[in-house]
Every structure is written in structure tokens, then in C-alpha cells.
Amino acid sequence: MKRIALLKERKGAAAGTPSTATGSHCPVSGLWSPDHDPHTVLSFFEGHVFPAFDGVPTVWRRRSAGTVSAN
């Protein structure tokens, strides 16, 4: 059974473009970018703990498939 807090996080994530910090759990599976390097795109699954990026804690922002460029 899922925790009530997790259900609230999922509802909030669906409302807009979610962001979360290093050390917190991924609220929804998808493509995510570190705040200070939006050209880097990584895939995380729901429940995964967000890592630091280049050894520095960061804020991760969810990317939609339409905003990811294939350069």
C-alpha cells in the first residue's frame, strides 16, 4: 500500500513541471535535468533517490519529451 504522502507528491507532480532536490525520491518516472545544466537529460524511475550532479547537490527538473532535443 502506498503512503498518503507519496500520493500527494504524485498529484502535485501531475499539476505542473515538478522539481526536487538531491536526496529526495523521484515523484514520477521520466526524463530529468539538473537545474544548472539543462542540456543534460537523465532518466529516473519513480521512487529512485536523486543523486548529486558532478559531486554537487542540485535541484532536478522534469523534462517533457517535447523539450528534449536530440543534439
Side-chain angles (χ1 to χ4, degrees):
M1 180 176 262
K2 292 189 177 186
R3 295 184 349 253
I4 298 262
L6 181 58
L7 293 175
K8 289 179 185 175
E9 288 173 11
R10 291 185 81 187
K11 286 180 185 176
T17 304
S19 64
T20 189
T22 294
S24 60
H25 292 272
C26 180
V28 62
S29 298
L31 301 174
W32 294 79
S33 294
D35 208 23
H36 64 275
D37 187 3
H39 299 291
T40 299
V41 179
L42 300 172
S43 178
F44 293 103
F45 292 103
E46 181 179 343
H48 182 90
V49 176
F50 283 107
F53 183 74
D54 284 340
V56 178
T58 189
V59 172
W60 291 90
R61 299 206 182 275
R62 185 159 184 241
R63 303 289 299 265
S64 63
T67 61
V68 177
S69 64
N71 290 339

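Quick caveat, the model's predicted, so the values are computed rather than measured.
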Quiz item: So, T58 side chain and A52 main chain: donor-acceptor pair closer than 3.5 Å or not?
Solution: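 No, because the side chain of T58 does not come within donor-acceptor range (under 3.5 Å) of the backbone of A52.
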Work out which heavy atom in [X] is nearest to a heavy atom in [Y]; give both atom names and the distance.
X: P34; Y: T40; answer: CD-O, 3.5 Å
X: V28; Y: W32; answer: O-NE1, 3.4 Å
X: S24; Y: A21; answer: OG-O, 2.6 Å

Quiz prompt | Verify same cluster id: V59, F53 (apolar side-chain graph, 4.5 Å) | solution =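 The answer is no; the residues belong to distinct hydrophobic clusters.
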Quiz prompt | Pair D35-W60, side-chain contact (heavy atoms from CB on, under 4.5 Å): steps then yes or no | solution = CA-CA 6 Å; D35 208 23; W60 291 90; over 6 Å; no
Practice problem: To the nearest 0.5 Å, tell me how far H25 NE2 sits from F44 CZ. | Solution: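 Going from NE2 on H25 over to CZ on F44, the span is 13.5 Å.
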Practice problem: Kindly compute the distance separating CZ (R62) from CG (L31), expressed to the nearest 0.5 Å. | Solution: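 Reported to 0.5 Å precision, the distance equals 8.0 Å.
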Quiz prompt | Evaluation steps, side-chain contact (heavy atoms from CB on, under 4.5 Å), between T20 and F50 | solution = CA-CA 8 Å; T20 189; F50 283 107; 2.9 Å; yes
Quiz prompt | Distance-only polar pair, side chains of R63 and S33, donor-acceptor under 3.5 Å | solution =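 S33 and R63 do have a side-chain donor-acceptor pair below 3.5 Å.
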